[in-house]
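A quick write-up on the structure given underneath.
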Amino acid sequence: MDPRQGLRLLLPAGPVDRDRPRRAGQGPRRPRDHLHRRRRAAPAGPHQPAAVRRPDADLPHLAGHDPAARRRGAHRHALGRRPDPGRPARGGEHRGPGHAGQHRGRRRHHVHRRRRAVTTPATVRTRFCPSPTGMVHVGLMRTALFNWAHARHTGGRLVFRIEDTDASRDSEESYRHLLDCMRWLGLDWDEGPGVGGPHEPYRQSERHEIYRDVAAKLLAAGHAYESFSTNEEVETRRLAAGQDPKLGYDNADRYLTDEQKAAFRAEGREPVLRLKMPDEDLVWDDLVRGEIRFAAGSVPDFVLVRANGVPLYPFVNPVDDALMGITDVLRGEDLLPSTPRQLALYRALTDIGVASGTPRFGHLPYVTGEGNKKLSKRDPQSNLDVYRDRGFLPEGLANYLALLGWSIAEDRDIFSMEEMVEAFDVTRVSANPACFDLKKAEAINAAHLRALPLEDFISRVVPFLARAGLVSDPPTPEQDRLLRAIAPMAQERMIVLSDAVGLLRFLFTDDVEIDPAAAAKQLAGPEAAEVLDAATAALSGLGEWTTPEIEAALKSALVEGLGRKPRQAFGPVRVAVSGRTVSPPLYESMELLGRDRTLGRLAAARATIAG
RNA sequence: GCCCCCAUCGUCUAGCGGUCCAGGACGCCGCCCUUUCAAGGCGGUAGCACGGGUUCGAACCCCGUUGGGGGCACCA
């Protein structure tokens, strides 16, 4: 029995009913839409190359994809309602025991929206294809994370490909670092470096021969052509025609005769290879943004292969995607303007049998820094290592990164990677740029840190303590004993793992170094001296060195004996013992420190107070 | 300049035409707890950019304006 049946009774305006008034209401608007689309489809630029303009170029297209029809909802039923790649055969799972079934069952009602893809791949194949040029950017890792989550959620595969074709900027070290960062964040891949796969090699630098062959086929099939124009010539021509030279290449070499080509060659010129752009609008249904359209003729024929035979990124990248069977391309918004070219290339590649169709595209919003500029590579905030080194948990940072453009639910933002995989839906990614907020990242991390089981917490914190020279790695039995005892109290006072160093240093050294600011605040003047003297006296004769005994002795000596307020009574003692105004709970800390060290520190602090 | 994207609290977001005088989180401000600092609990602050249209009804759909961002290479 369908659990939604009950829900439908509670929701009189179900998805089915909702479409009915719409159909009536939106019908009349159709002609206007139609006109509007036409206007946008054929902008009347004086710069429009005549060869590309065909007055009726967009008509067949409009007939095929009536925009009014899709908005009316016909589309939604035809495609959108079909289970998306993430949903096939998932219904049963949702209701299975151990899952928050009801909750998710309800959510499924609004999973589908205006965005849906043209085709739904049987098996999703996503890819992540960075180029190893130095620092690893948090925005880049967010892209990796979303690709990973999309693949895992849909039961698809993630291909990891390295685009290391720029010898001047790429380095082996950056390459290794990139893999390391992926692994650290917990992102695994099904094909790529280290794991291999059926489409090897996965480093672009090792794939050079492949491109030459594809380029030759494109040329032979007439999708590409040789172009001899220099930039200067193009600019001169545009200027002469009264056009803005920024419009770029003017497609002038498209129909060169053999004689003309021979003449250029005789001059010693070598041609670049350009793709012939189609004379139609280039449109796609973006996974995160819905329909995006570029007018016919607005994108010039672009270069696939340089005159010296080196293939260019806009050519190589889709070829690799095609060859590797990539179905879903999730990438940064900065690549959105190059998508029409890819679409055109894909058509050509499909025609010559290199591709078996065009992938779906989803353009992820920018991660911005201060202000709302794209987070710069030079901004230290953008470097993943900074967070790693400070002791962010991978799951904490991943959780935060996921929140940059996506949300798991209306009332929750702490979740595990598993939960993310379970819930992730690309079509629910926001199109808004997201500002990286360190404070929130820290808060999310702190929540994960606090939730860590003791053993886990200790094993993660030890490397940080060891690096600071506080414990050995692995810790000695005594260090281990102290760590275990103090861990729960330290854990809830930390935001990142490196906080443990400052918080616990006093426990793992013989003589504490007192923070000058703390000393100025708590270890100055006769009151402080009085407190330390009284504390020393009370603790010296203590029978049992345990937390309750210490607490009782201190309270009676300082609060009752001296008549001090707790704040004033314990402040100097804390600073004397821990060196800081912020520490784990005092009595417990003293117990763990031991009688001798504690009394020694009280004495040392007392000695610093003049008089 | 041309093309494209984006627009809900300071920030990240929920919102899918009525259930919204807009929900959550971070931040900030109070209070409680308390030996410090945290954590935790409770409460508060603050937002639909603007103008038209469609509709009985618009944060939500359409158009425009404004603002912000990005892209315009024989780089990747």
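Below, read A as the first sequence line, B as the second, and so on, with proteins coming before strands; counting in each chain starts at 1.
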Checklist outcome for this item: Rounded to whole Å, CG of A:Asp285 lies from P of B:C5 at a distance of 13 Å
Checklist entry - Residues two or more places apart in sequence or in another chain: which of them pass side-chain contact (heavy atoms from CB on, under 4.5 Å) with A:Pro318? => result A:Gln342, A:Leu345, A:Tyr346
Item to check | Identity of whatever pairs with B:G17 - Watson-Crick or G-U, under 3.5 angstrom | outcome: none
Item to check | Short side-chain donor-acceptor distance under 3.5 Å, A:Arg127 and A:Asn317 | outcome: yes
Next on the checklist: Taking donor-acceptor contacts at under 3.5 Å, does the side chain of A:Arg574 reach the base of B:U36?
Outcome noted: yes
Next on the checklist: I'd like the P distance from B:G40 over to B:A25, given in whole Å.
Outcome noted: 12 Å
Write out a two-atom table: protein N or O, nucleotide N or O from nucleotides 40-43 of chain B, distance below 3.5 Å.
residue: B:G40; atom: OP1; partner: A:Arg450; partner atom: NH1; Å: 3.1

Item to check | Nearest-Å distance once atom C1' is located in both B:A58 and B:C42 | outcome: 36 Å
Checklist entry - A:Phe264: what forms a ring-ring contact (aromatic ring centres under 6.0 Å, His included) with it, not counting sequence neighbours? => result A:Phe228
Next on the checklist: Output the rounded distance in Å from CE (A:Met489) to P (B:U34).
Outcome noted: 19 Å
Checklist entry - In the strands shown, is B:A22 matched to any nucleotide by a Watson-Crick or G-U wobble pair with both distances under 3.5 Å, and which? => result none
Next on the checklist: Whole angstroms only, please: what is the CG-P distance between A:Asp515 and B:C37?
Outcome noted: 15 Å
Checklist entry - Using the P atom in both, what is the distance from B:A59 to B:A22, to the nearest Å? => result 11 Å
Checklist entry - When the distance from CD of A:Glu551 to C1' of B:U34 is rounded to whole Å, what number comes out? => result 11 Å
Checklist entry - Whole-Å distance between B:U13 C1' and A:Leu364 CG? => result 16 Å
Item to check | All ring-ring contact (aromatic ring centres under 6.0 Å, His included) counterparts of A:Tyr387, not counting sequence neighbours | outcome: A:Phe392, A:Phe436
Checklist entry - When the distance from CG of A:Leu375 to P of B:C12 is rounded to whole Å, what number comes out? => result 13 Å
Item to check | Distance, rounded to the nearest Å, where A:Ile408 contributes CD1 and B:C12 contributes C1' | outcome: 15 Å
Item to check | Pairs where residues 571-582 of chain A contributes a residue and the test side chain to side chain donor-acceptor pair (under 3.5 Å) is met, not counting sequence neighbours | outcome: A:Arg574-A:Ser583
Checklist entry - Looking only at atom types and distance, does a side-chain atom of A:Ser382 sit under 3.5 Å from a main-chain N or O of A:Ser376, one as donor and one as acceptor? => result yes
Checklist entry - Is a donor-acceptor pair below 3.5 Å formed from side chain A:Arg289 to base B:C5, judging by atom type as modelled? => result no
Checklist entry - Side chain of A:Lys555: nearest nucleotide among B:C37, B:A14, B:U35? => result B:U35
Checklist entry - When you check every protein heavy atom under 4.0 Å of nucleotides 22-27 of chain B, what one-letter string (B, S, -) results, 5' to 3'? => result -BSBS-
Checklist entry - Taking a pair as Watson-Crick or G-U wobble with both distances under 3.5 Å, which nucleotide is matched to B:G67? => result B:C6
Checklist outcome for this item: A:Phe146 meets the ring-ring contact (aromatic ring centres under 6.0 Å, His included) criterion, sequence neighbours left out, with A:Phe424
Checklist entry - For residues A:Arg331 and A:His363, is any side-chain donor paired with an opposing acceptor at under 3.5 Å? => result yes
Checklist outcome for this item: Contacts of A:Phe128 meeting ring-ring contact (aromatic ring centres under 6.0 Å, His included) (sequence neighbours excluded), chain-then-number -> A:Phe160
Item to check | Given RNA chain B, 5'-ward residue of the pair A:Arg493 and A:Ile292, judged by closest heavy atom | outcome: A:Ile292
Next on the checklist: For B:U35, give the paired nucleotide (Watson-Crick: N1-N3 plus N6-O4 or O6-N4; G-U: N1-O2 and O6-N3; both under 3.5 Å), or none.
Outcome noted: none
Item to check | A:Glu291 CD - B:C6 C1' separation (whole Å) | outcome: 17 Å
Checklist entry - Looking only at atom C1', what distance separates B:U65 and B:C74, rounded to whole Å? => result 40 Å
Checklist entry - Partner of B:C72 by Watson-Crick or G-U wobble geometry, both contacts under 3.5 Å, or none? => result B:G1
Checklist entry - Expressed as a whole number of Å, how far does the C1' atom of B:A49 sit from that of B:G10? => result 16 Å
Next on the checklist: What's A:Leu403 touching, base or sugar-phosphate or nothing? Going by heavy atoms closer than 4.0 Å.
Outcome noted: sugar-phosphate
Checklist entry - For A:Pro585, which contact category applies under a 4.0 Å heavy-atom criterion: base, sugar-phosphate, or nothing? => result base
Checklist entry - Could A:Asp320 and A:Arg207 be called an ion pair, given the rule that one side-chain N must be under 4.0 Å from one carboxylate O? => result yes
Checklist outcome for this item: Of B:U13, B:U35, B:C4, the nucleotide closest to the side chain of A:Phe294 is B:C4
Next on the checklist: Please report whether the ring centroid of A:Tyr400 lies less than 6.0 Å from that of A:Trp406.
Outcome noted: no
Checklist entry - So what does A:Tyr587 hit on the nucleic acid, given a heavy-atom distance under 4.0 Å: a base, only sugar-phosphate, or nothing? => result base
Checklist outcome for this item: 5' to 3', nucleotides 66-76 of chain B under a 4.0 Å protein heavy-atom cut-off (B base, S sugar-phosphate only, - none) gives --SSSS--BSB
Next on the checklist: Distance check, P atoms only: B:C5 and B:G57, in whole angstrom units.
Outcome noted: 30 Å
For residues 564-572 of chain A, tabulate all N or O donor-acceptor pairs below 3.5 Å that involve a side-chain atom, not counting sequence neighbours.
residue: A:Arg564; atom: NH1; partner: A:Glu527; partner atom: O; Å: 3.4
residue: A:Arg564; atom: NH2; partner: A:Glu530; partner atom: OE1; Å: 2.5

Next on the checklist: Taking the P atom in each of B:A73 and B:G15, what is the distance between them to the nearest angstrom?
Outcome noted: 38 Å
Item to check | Those residues that, when tested against A:Ser205, pass side-chain hydrogen bond (donor to acceptor under 3.5 Å, both in side chains) (two or more places apart) | outcome: A:Asp164
Next on the checklist: Holding to salt bridge (charged side-chain N to carboxylate O under 4.0 Å, His left out), I want the full list of residues that pass it with A:Asp301, two or more places apart in sequence or in another chain.
Outcome noted: A:Arg254
Item to check | Integer angstrom distance from the C1' of B:G27 to that of B:A46 | outcome: 11 Å
